[in-house]
Protein chains: 2
Amino acid sequence: MPDTPARNTGAHVAYVELKRQILTLQLKPGERIYEPAMATALGVSRTPLREAVRRLISENLLEQQPTGGVLVPVLDENVISELYEVRAAMESLMARNACLKATAADIEALHGILARNAAVVEFADDAMQQGMALHAKIAGTAGNSWARRFHDQVSSQMERYRHFTNSTQERRDQALSQHRTLVEAVAGGNPEKAAKIAFDHVMAARDAALRAMSGNGPGIS
Amino acid sequence: MPDTPARNTGAHVAYVELKRQILTLQLKPGERIYEPAMATALGVSRTPLREAVRRLISENLLEQQPTGGVLVPVLDENVISELYEVRAAMESLMARNACLKATAADIEALHGILARNAAVVEFADDAMQQGMALHAKIAGTAGNSWARRFHDQVSSQMERYRHFTNSTQERRDQALSQHRTLVEAVAGGNPEKAAKIAFDHVMAARDAALRAMSGNGPGIS
DNA sequence: AGAAAAATACTTGTATACATATATACAGTA
DNA sequence: TACTGTATATATGTATACAAGTATTTTTCT
């Protein structure tokens, strides 16, 4: 998040570590957080741990129960669909704005990333890396800090589902071609078109992910 | 926010009261929050106050300084433009989904709200009320809780700018006609069209707000 | 034995005390 | 006078102690 305090306070390290554990599913969905135990486990006292927990609650990476406990939210197919939709809306907006504001240097940088993207299309991890770089560059060019903030939040959420939405070679090829179209649209100076392409691109990723998930046996959690 | 704990804990009342003071500009933009003073002012100790403050920071209604103080974010024209854009993206998405999922009863409810909207078009407060009711109904029909959450966050933010973006009669008439078009689009079953109309509708509101602000002398802060 | 009631253990919420960092004011020196 | 170094005061970060509420287990009564 942009507002991460650079200082190495105990609350901050607790936040980072707890978030990591949640996103990697090291803390299992549905699991409850007990403050005293978690505090000693992370080597801080309850006060800074509590601060980290409350922050994660407001980022929706933890969930406060009405009865008064805190737990790791369970995974669910509807949620992942919602997340993709919001991501589509954000990337669409950013593509539109990037199109309006991009300088020649920005366009060149986008083409550079695209080339690297093409070079690694057969390696899942590198391909995702470059895909994210492309989106990051577009986001930076768009210059809407709120869109970026929400996009980051959604991306964090989606990490929890990563294991269920493994990408196939076919999917990566499709993504690469969509990225090409997207960069062309941004470079072409047609904001409406860029927005639509970005939207459809993410929605296609959503459909692929949902298909991959329903293929994975009982599915979630 | 949906995740507001219903319990009447001290941290919660501090959060609500502090948020109110920020949104009504009772706490002035740029003003710093001193924990001991604010805690006694709100009648709680530093611990629950701190919890409220940290939560407001992660909702971007307070700002942590690198040096270590907390202050009320200053207002700025770029931000309001960004907020409108994100709101446009969210409402566009929700209009699309509402279009896909709306039942006959939903459509009827929308028409009812529209009628009430028309009846109060000359009263600024009531008109805004009904406008929000319309958007709320669409949001409910769309059924994307994340879109809703972000939309709510943005709306909260925008309250701080309310005093600067007073609506004119002309603007209200325009909004009513756009609402009519929007409901027709949602009812008509064309998701793409509904999405585009919602987007343009909010962007038009943005332009009106920016014009109103630049008319208000030195403007902001 | 089964159900209701009481007691116990544990968790969360809050206050407060203490340590550390930061800013302010003052004094001494160039 | 301007500047640096020191001392003081104040704010933030953290730990801990205590209060209040909840769940669980044990005990008692039918």
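Each chain gets a letter, A, B and so on, in the order its sequence line appears, and its residues count up from 1.
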Participant: Is the distance from OP1 or OP2 of dT12(D) to the nearest side-chain N or O of Thr9(A) less than 4.0 Å?
Facilitator: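 No, outside the criterion.
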Participant: Can you see if the side chain of Arg54(A) gets near the phosphate of dG13(C) - specifically, an N or O under 4.0 Å from OP1 or OP2?
Facilitator: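 Affirmative; the distance criterion is met.
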Participant: Going by atom types alone, do Glu17(A) and Gln21(A) pair a side-chain donor with an acceptor below 3.5 Å?
Facilitator: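 The criterion, which ignores hydrogens and geometry beyond distance, is satisfied for Gln21(A) and Glu17(A).
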Participant: Hey, which of these two, Ile33(B) or Val44(A), hits DNA chain D nearer its 5' end, going by closest nucleotide?
Facilitator: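 The 5'-side residue here is Ile33(B).
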Participant: Between P on dC10(C) and OH on Tyr34(A), what's the gap in Å once rounded to a whole number?
Facilitator: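 So the OH-P distance, Tyr34(A) to dC10(C), works out to 12 Å.
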Participant: Nearest 0.5 Å, please: how far is CD in Gln153(B) from CG in Asn60(B)?
Facilitator: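 So the gap between those two atoms works out to 7.0 Å.
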Participant: Just the rounded figure in Å: distance from C1' of dA15(D) to CG of Leu42(A).
Facilitator: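 Distance, rounded to whole Å: 16 Å.
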Participant: Please name the pair of heavy atoms, one in Glu31(A) and one in Leu71(A), separated by the smallest distance, quoted to 0.1 Å.
Facilitator: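 The pair with the smallest heavy-atom distance is O-CB, 3.1 Å.
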Participant: Tell me the interatomic distance from Arg50(A), atom CZ, to dA15(D), atom P, rounded to whole angstroms.
Facilitator: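 Answer to the nearest Å: 15 Å.
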Participant: Between the base of dT16(C) and the side chain of Thr47(B), is there any donor-acceptor pair under 3.5 Å?
Facilitator: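 Yes, a donor-acceptor pair under 3.5 Å.
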Participant: For the side chain of Pro48(A), counting heavy atoms from C-beta on, which of dT12(D), dA15(C), dT14(D) is nearest?
Facilitator: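 That would be dT14(D).
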Participant: Between P on dT14(D) and CG on Asn8(A), what's the gap in Å once rounded to a whole number?
Facilitator: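 Going from Asn8(A) (CG) to dT14(D) (P), I get 10 Å.
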Participant: Please classify the nucleic acid contact of Leu49(A) as base, sugar-phosphate, or nothing, using heavy-atom distances under 4.0 Å.
Facilitator: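 No contact.
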Participant: Return the orientation label for the His151(B) and His135(B) ring planes: parallel under 30°, perpendicular over 60°, tilted otherwise.
Facilitator: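 Rings of His151(B) and His135(B): tilted, 30 to 60°.
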Participant: Compare the minimum distances between each of dT12(D), dT14(C), dT16(D) and the side chain of Ser45(A), then state the nucleotide with the smallest one.
Facilitator: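 The answer is dT16(D), which lies nearest to the side chain.
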Participant: Please state how far atom CG in Leu62(A) lies from atom C1' in dT12(C), giving the value in whole angstrom units.
Facilitator: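 To the nearest whole Å, that distance equals 15 Å.
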Participant: Rounded to whole Å, please give me the gap between CD in Glu51(B) and P in dG13(C).
Facilitator: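 Computing the Glu51(B):CD to dG13(C):P distance gives 7 Å.
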Participant: Ile57(B) CD1 to dT12(D) P: how many Å, rounded?
Facilitator: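 Ile57(B) atom CD1 is separated from dT12(D) atom P by 11 Å.
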Participant: Does one side chain, of Ser81(A) or Asn78(A), offer a donor that lies under 3.5 Å from an acceptor on the other?
Facilitator: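 The answer is no; no qualifying pair exists.
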Participant: Nearest whole angstrom, please: distance from the C1' of dT10(D) to the CZ of Arg46(B).
Facilitator: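 Those two atoms, CZ and C1', are 11 Å apart.
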